[in-house]
Amino acid sequence: MTVPIIPGFHPDPSVCRVGGTYYLANSSFEYVPGVPIRRSTDLVTWELVGHALTRPGQLAPNEGVASGGIFAPTLRHHDGRFFLVTTNVHEPRGHLIVTAEDPAGPWSDPVYVAGTVGIDPDLCWDDAGVCHLTWASFHPALTGIASVPIDPGTGAMLAEPRLLWNGTGLAAPEGPHLYRVGGWWYLMLAEGGTERGHAVTIARARALEGPYEPAPANPILTHRSTTHPVQNTGHGDLVECADGSWAMVYLGVRPRGKTPQFHVNGRETFLAGVDWVDGWPVVDENRFAIEPGDNSFTDGFATASLHPRWVAPGAGPETFTQWAGPAELVLTGGRALLTRALDEQWTASASLDVSGGTAKFVVRLDDRHWYGLTADGESVTATVVIGPAVRAVAKVASGPRVSLRIRALPGVSQEPDLLELSVVREDGRAEVLGSFDGRYLSTEVASGFTGRMIGVEVLDGTATLREFRYSSDVGTAQP
């Protein structure tokens with residue numbers, strides 16, 4: 001499978017089914033609101049319905065620390081209620097659990113499982129209805145895949161944690177999920193690290209506590225040491241479909257350019273079928289027909305409610321935006337209003353009024369890796385920021401009402417793509433200020449766990465965002 005079901009920066013997928021409807025959660029790291037939630041009836045086409053973590057009381061302050069904040073969640077449904085467990089790496093109280101009757105929200109205030117140092121928590125229920133928390137533990141006295149029965153309503157442990165199975169010996173065993181299938185307990189892991197060595201492995205036991213027997217065909221999914229266009233595959237989650245078949249969601253990246261290749265849109269969510277053969281899951285990557293979608297949208301900010309596609313590092317968009325009427329979203333300084341890049345080639349444009357301040361239109365991985373256009377009412381300056389190197393590369397005159405454009409174009413040499421920065425004049429002519437190598441806005445250069453984001457940040461005063469356009473450019477001619 002080469003086409004993601006959830007494109008762009010959407011890593012660490014977790015899926016569950018209620019009747020004929022599937023629900024999926026992804027990690028969100030420093031971006032607020034946290035943990036996007038989607039639903040689908042076919043596992044292929046998904047609708048963003050909201051986020052699980054939307055209020056300050058659900059989130060520890062993270063100040064937008066790059067690749068900090070919310071790590072991998074697990075989404076489950078039990079006894080008529082949705083449960084989501086995740087890790088906030090800035091929260092010392094342990095893994096957090098929130099619940100909801102409707103996954104679109106509202107979600108409850110969190111409870112914390114004290115003493116659970118680590119990442120990637122999972123929830124499951126045994127035949128007696130007891131809830132078990134399983135996670136990749138970093139505690140010096142309990143390092144590995146740990147599990148403990150808990151009260152999910154209070155976060156209290158009901159016994160002492162114990163280690164289950166630490167994988168096949170590859171690096172970084174993490175991302176555990178426990179499943180009860182056919183009288184066995186199956187423990188599925190991510191191993192090898194979330195880079196090119198990433199893999200899915202699995203083991204089984206008659207009792208949840210073990211001992212666990214590894215699958216003879218481990219890893220059951222990996223693209224390591226291949227030329228497959230999707231790499232870093234791992235961190236899978238299984239779901240039984242409404243017709244009794246099985247599927248797996250997992251993360252992968254689409255690297256491009258010359259070796260070592262560069263992935264720019266982050267870790268994305270992919271889908272595969274699963275068959276059970278001799279008591280073990282066998283992954284069929286070609287079962288589902290996934291076609292590239294058109295992710296284009298135009299947001300004219302017609303109402304006071306922002307679409308859930310909009311997020312910001314470290315704080316919710318409501319803290320620095322104010323709706324003043326249709327096509328009048330007023331932004332103040334301190335944060336960037338952002339949305340995810342979803343395609344390999346795309347065009348994004350922002351219509352701004354900067355008569356009250358200075359604002360920049362950016363494509364970014366983090367505060368130290370971005371390309372953008374800064375408008376101050378008299379001019380527009382194109383800037384590239386690559387770590388400590390900050391350079392203004394071009395400047396043109398422009399008034400306070402300005403249309404700015406960024407395009408991701410196919411690479412022509414070793415780069416994964418080119419990022420073109422332009423001012424669009426009133427007659428529709430694009431004045432290009434430069435095209436820049438996209439590899440410097442890749443995870444391989446910048447490091448971290450996120451992907452490219454596009455949006456607007458006010459540097460001083462206020463600015464009004466009148467319209468934002470994003471278009472998928474796959475299959476279109478590039479001038």
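Hydrogens, waters and symmetry mates play no part in the numbers below; they use all other heavy atoms, side chains included. One-based numbering along the sequence shown.
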Tell me, do [X] and [Y] make a side-chain contact under 4.5 Å, heavy atoms counted?
X      : Y      : answer
Arg364 : Glu457 : no
Leu178 : Leu164 : yes
Leu251 : Pro13  : yes
Pro121 : Thr87  : yes
Leu43  : Ile5   : no
Pro281 : Ile202 : yes
Pro410 : Arg256 : no
Pro61  : Pro56  : no

Keeping [X] on the side-chain end and [Y] on the backbone end, is there a donor-acceptor pair under 3.5 Å?
X      : Y      : result
Asn62  : Gly69  : no
Trp323 : Thr303 : yes
Asn26  : Pro11  : yes
Asp122 : Gly175 : no
Ser27  : Ala72  : no
Thr358 : Asp460 : no
Thr222 : Pro219 : no
Glu285 : Val283 : no
Trp346 : Tyr470 : no
Thr332 : Phe320 : yes

Taking atom types as modelled and ignoring hydrogens, do the side chains of [X] and [Y] form a donor-acceptor contact shorter than 3.5 angstrom?
X      : Y      : result
Gln58  : His51  : no
Asp473 : Ser471 : yes
His198 : Asn232 : no
His10  : Arg38  : yes
Arg267 : Thr194 : yes
Ser472 : Asp343 : yes

How close do [X] and [Y] get, counting heavy atoms only, and between which atoms?
X      : Y      : result
Arg76  : Thr74  : CZ-CG2, 3.6 Å
Trp135 : Val117 : NE1-O, 3.4 Å
Phe83  : Leu123 : CB-CD1, 4.0 Å
Ala60  : Glu91  : CB-OE1, 3.8 Å
Ala52  : Ile37  : N-CG1, 4.0 Å
Leu365 : Val264 : CD2-O, 4.2 Å

Could you give the distance from [atom1] ([X]) to [atom2] ([Y]), rounded to the nearest 0.5 Å?
X      : Y      : atom1 : atom2 : result
Glu268 : Arg340 : CD    : CZ    : 11.5 Å
Asp275 : Arg287 : CG    : CZ    : 4.0 Å
Leu133 : Ile97  : CG    : CD1   : 6.5 Å
Glu191 : Leu170 : CD    : CG    : 4.5 Å
Ile406 : Phe361 : CD1   : CZ    : 4.5 Å
Leu53  : Trp107 : CG    : CH2   : 9.0 Å

- Please step through side-chain contact (heavy atoms from CB on, under 4.5 Å) for the pair Val49 and Tyr23, ending with a clear verdict. CA-CA 10 Å; Val49 297; Tyr23 300 92; 5.8 Å; no

- Query: Between Phe82 and Val18, is a side-chain contact (heavy atoms from CB on, under 4.5 Å) present by the stated rule, with each step listed?
  - Reply: CA-CA 10 Å; Phe82 289 89; Val18 182; 3.7 Å; yes

- Message: For Asp299, run the salt bridge (Lys or Arg N to Asp or Glu O under 4.0 Å) check against Arg309, Arg466, Arg469 and tell me which one passes.
- Response: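 Among the candidates, only Arg309 passes.
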
- Is the ring centre of Phe468 less than 6.0 Å from the ring centre of Trp310? yes

- Item | Phe449-Phe71 aromatic ring centre distance below 6.0 Å | yes

- Query: Do Asp366 and Arg368 meet the salt-bridge criterion of a basic N to acidic O distance under 4.0 Å?
  - Reply: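 No.
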
- Apply side-chain contact (heavy atoms from CB on, under 4.5 Å) to the pair Glu47 and Arg39, showing each step before the final yes or no. CA-CA 5 Å; Glu47 175 191 7; Arg39 67 181 168 213; 3.3 Å; yes

- Message: Testing Leu338, Val362, Val363, Thr339 one by one against Met453 for a side chain to side chain contact (heavy atoms under 4.5 Å, CB included), which residue passes?
- Response: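 For Met453, the side chain to side chain contact (heavy atoms under 4.5 Å, CB included) check succeeds only for Leu338.
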
- Task: List the steps, then state whether side-chain hydrogen bond (donor to acceptor under 3.5 Å, both in side chains) holds for Tyr179 with Asp237.
- Result: CA-CA 10 Å; Tyr179 311 93; Asp237 194 11; 2.5 Å; yes

- Is the CD atom of Gln322 crowded by more than 12 outside heavy atoms at less than 6.0 Å? no

- CA sep, side-chain torsions, deciding dist, call: Arg196, Val253, side-chain contact (heavy atoms from CB on, under 4.5 Å): CA-CA 9 Å; Arg196 298 295 192 265; Val253 304; 4.2 Å; yes

